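What you are looking at is a predicted structure, and each value in this text was computed from that prediction instead of being measured. In what follows, chains are A, B, ... by sequence order, proteins preceding strands, each numbered from 1.
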Amino acid sequence: MTPSFEETFSRLTEPQREAVLHVDGPLLVLAGPGSGKTRVITCRVANLIRQGVRPSQILAITFTNKAAGEMRQRVDAMLPGQRLWISTFHALGVRLLRQYADRLGLDKNFTIYDQADRLRVVKLCLDSAAMDVSRFTPDAIQGAISKAKNQLQTPDVYARSATDYFKQIVAQVYEVYEKKMRDQNALDFDDLLLWPALALKNDAELRAELDARFRYVLIDEYQDTNKAQYAIARGLSVDYPNLCVVGDPDQSVYRWRGSDIRNILDFERDFPQARVIRLEQNFRSTKAILRVADHLIAHNEDRKPKTLFTANDEGSKVGVLLCENGLEEADAVVARIKSAVEAGQRHYRDFAILMRLNALSRSLETAFVRQRVPFQMVRGVAFFERKENRDILAYLRLLLNPRDDISFLRVVNEPARGIGKTSLQHLQAYAEPREMSLLTAAEQVDKIPAIKGKASLGLKNFARLLTELREVLDATPDEVMRQVIDRSGYRRMLKESAEPDDQERLANVEELVTAAHQFHEEDNSRTISDFLENITLASDVDGFDEKQDCVAVMTLHAAKGLEFPVVYMIANEQGILPHERSMKEKAELEEERRLAFVGMTRAEEELYLSYARMREFRGQTLYAVPSMFLEELPHDGVETIDLSSSANRGSGAAASWRSQSAGASQGWYETGFTSSKKPAPRTVDPNASDLDYEVGTMVHHDVYGVGRITDISGHGVMRKLKIRFSTGERNFLASKAKLSIVQG
DNA sequence: ATCCAGTACGTTTTT
DNA sequence: CGTACTGGAT
């Protein structure tokens, strides 16, 4: 399927070939959007191997695991069976830290804490240090710590530079935070970069060893590297400065996460002998799309100008769609996609809808369900963030790392074991001075006089449960998980619950087991520990499956690196794109513009930018202002299409609404067109499932047998059915439950 | 210890 | 409009 090296090489342009044939010494490839970057990187790796470089000496860094997987596949197609190291920076960090754990004073079974976990840790720090930080949110403190780590600042270094009051508070918390993390044998995302970076800096021997091991280093999306990542790249390229970085400053969109655009802008200064190659021919988009995107990005002052060009067709003009409100925008976009597919022009997989905020996905979801158009929300991680799944994962983490107090606290009373807040306070008071994990303390609960009765018994049972479960850790990942779910009582808790949502939770937990099973099927050497690591390091796009024939919905950030025949960018309004929190500083605003640029350049043939006259926000409907970026497009390059209901009604209604006061807009709000709590009439809201349920319908369920629907509530995917079986009444989600209608 | 009602509070973007 | 957390009652 994938063409051979010769075939691919023969079709490359001159600058592309130049990049591919470059072997030794530093190389900077400035690759515009759609410039065949992936092809060039893959070919270059293949060429290195053909030139006699051992695959094990090549390290390729990608931005997501998905990109890593794809590159591995492509290289394998050209040169089958070669084992080279392709991963993200974070995955590289984990592997190095596990391998060199002893040398760095780490326990190699460390747990990786995500955003939510580290916030818990910060809160624990604030509690235990009894600090008055009411002026600052834990989140702000956590953010400051993360930023410090991105800058390679350890607590002592940070403390020295802490000038203002906030920083002084952060410095104190940072120190306690680090101690807690060490006690719990946990590392956060930033540590996965910080530790390797510091190790390379401080351990000359280790640095030399790794530098020699990875003689050829290749980094994609280099414009989005931060200081720690830069230090890693640099440390691996001293004795063997064969560092090839690929990127596009105009696509740098992670400044807020510590990325430093200077890394790419200053590459030539860091490596004066560097070869610089520009890839400016675009193979992806039509002339019309490229011209509009290029015109927009030219408004950024802080950039290296470049000339993008394409030999592709002119194509149709970029469409700017005006809608009445967010709901109609979602409906209109989905309807247009649907009719294009039904006209036989396109497949659903040809379309992507891109948005600035995840919060915008809700109205889209309803529109998709209502119009019965298949779609995938590219937000793979969300599933694992559901409470029930996090609980099960916490059990597993605690099994693998008994010192993980965060996970302990999460599940010790889930399901309820009669262990309340006060008992846990006693437990913590016992454990802390003894430098003991909470689980160890629980094992010796008999020595804690303050805890007695039900709580004492509960803790003992919990400790015993974990000891027992630890014995099954060698089983397959899905089996371990099943054991956890069953023996912890979690399954029973959900199964016997009367809560309507708990049946869905049970289904989610089952799905988690399936995921673990599939993970093991793909490669049966992988363990439960690998599974957890995989989930934690997964990015949103990792869950995106382009083979499925459905419309892809994702954030602009997630869309980086992807391409689609037709792209819809929604909510092009001031405050959303650019985001209101990024409008004050010029540097931030320019990043927003780059984000818009990234979105627009994902499109191959058609591009539409929509915005609404009114947008619902925190339950209130407000007038929206079109994005300033729309004004920055070439006027003759776009075609405006008014889809708003006022235009369709052909009245002057829009003008009168516009002139109305806030009080009048409240009246509009109450008419039920926006966020009315009243369920919409059934005629405009067919249910999510193909089956038409009504109260009184007799249905069959695989587990409970035949029953009668007694109540229906909710809409779309959240449509709920109450069904009375001979064994009692139960609630189901219409879209999830395995039900069939019983005739007669 | 647990449950519930009431309220404060908040929204970028993510490895 | 949600949710996440608090403080009350049971």
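Heavy atoms of A:Gln115 sit under 4.0 angstrom from at least one base atom. Using a 4.0 Å heavy-atom criterion, one finds that A:Asn358 contacts the sugar-phosphate atoms exclusively. At a threshold of 4.0 angstrom between heavy atoms, the contacts of A:Lys123 are confined to the sugar-phosphate backbone, with no base atom among them. If you check every strand for non-hydrogen atoms under 4.0 Å, A:Asn413 touches sugar and phosphate atoms only. At the heavy-atom level, A:Ala538 lies under 4.0 Å from the strands shown only through sugar-phosphate atoms. Among the atoms of the strands shown, only primed sugar atoms or phosphate atoms (P, OP1, OP2) are found under 4.0 Å from some heavy atom of A:Ser423.
Contact annotation: A:Ser539 side-chain N/O to B:dT15 OP1/OP2 distance is under 4.0 Å. Look at A:Ser582 and you won't find any side-chain N or O under 4.0 angstrom from OP1 or OP2 of B:dT13.
The nucleotide whose nearest atom lies closest to any side-chain atom of A:Ala455 is, among B:dA1, B:dT15, B:dG10, B:dA1. Of the candidate nucleotides B:dT13, B:dT15, B:dT2, B:dT2 has the atom lying nearest to any side-chain atom of A:Ala416. Taking the side chain of A:His557 as heavy atoms from C-beta on, and the options B:dT2, B:dT13, B:dT11, the nearest nucleotide is B:dT13. Here the nucleotide nearest the side chain of A:Tyr254, chosen from B:dT11, B:dT15, B:dT14, is B:dT14. Distances were taken from every side-chain heavy atom of A:Thr422 (C-beta onward) to each of B:dT14, C:dC1, B:dA1; the shortest belongs to B:dA1.
The distance between atom NE2 of A:His579 and atom P of B:dG10, rounded to the nearest whole Å, is 14 Å. Between A:Ile61 atom CD1 and B:dT15 atom C1' the separation is 13 Å, expressed in whole Å. Separating the CZ atom of A:Arg118 from the C1' atom of B:dT15 is a distance of 10 Å, rounded to the nearest angstrom. Separating the CZ atom of A:Phe63 from the P atom of B:dT14 is a distance of 10 Å, rounded to the nearest angstrom. For the pair A:Leu119 CG and C:dT3 P, the computed distance is 18 Å after rounding to whole Å. Counting to the nearest Å, the P atom of B:dT13 and the CE atom of A:Met355 are 9 Å from each other. Atom pair A:Glu414:CD and B:dT2:C1' shows a separation of 12 Å (rounding to whole Å applied). Between the CE atom of A:Met493 and the P atom of B:dT2 there is a distance of 12 Å, rounded to whole Å.
Under a cutoff of 6.0 Å and an axis angle of 45°, A:Arg95 and A:Trp85 form a cation-pi pair.
A donor-acceptor contact under 3.5 angstrom links the side chains of A:Tyr490 and A:Asp391, judged on distance only.
Closest-nucleotide positions on DNA chain B for A:Ala558 and A:Lys454 were compared, and the one nearer the 5' end corresponds to A:Lys454. Nearer to the 5' terminus of DNA chain B, by closest-nucleotide assignment, is the contact made by A:Phe617 (compared with the other of A:Ala91 and A:Phe617). Comparing A:Arg618 and A:Arg120 by the nucleotide of DNA chain C that holds the closest heavy atom to each, the one mapping nearer the 5' end is A:Arg618.
Judged by distance alone, with hydrogens and angles left aside, the side-chain atoms of A:Arg594 form a donor-acceptor pair with the main-chain N or O of A:Ser252 at under 3.5 Å.
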Under the side-chain hydrogen bond (donor to acceptor under 3.5 Å, both in side chains) criterion, do A:Tyr113 and A:Gln184 qualify, and how do the steps go?
-> CA-CA 10 Å; A:Tyr113 278 3; A:Gln184 302 189 35; 2.7 Å; yes

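The P atoms of C:dT6 and B:dT11 are separated by 16 Å, rounded to the nearest whole Å. For the P atom pair drawn from B:dT13 and C:dA4, the interatomic distance equals 15 Å after rounding to whole Å.
Checked for salt-bridge contact, A:Glu632 and A:Arg593 meet the test: a charged N lies under 4.0 Å from a carboxylate O. Using a 4.0 Å cut-off between charged side-chain N and carboxylate O, A:Asp302 and A:Lys586 make no salt bridge.
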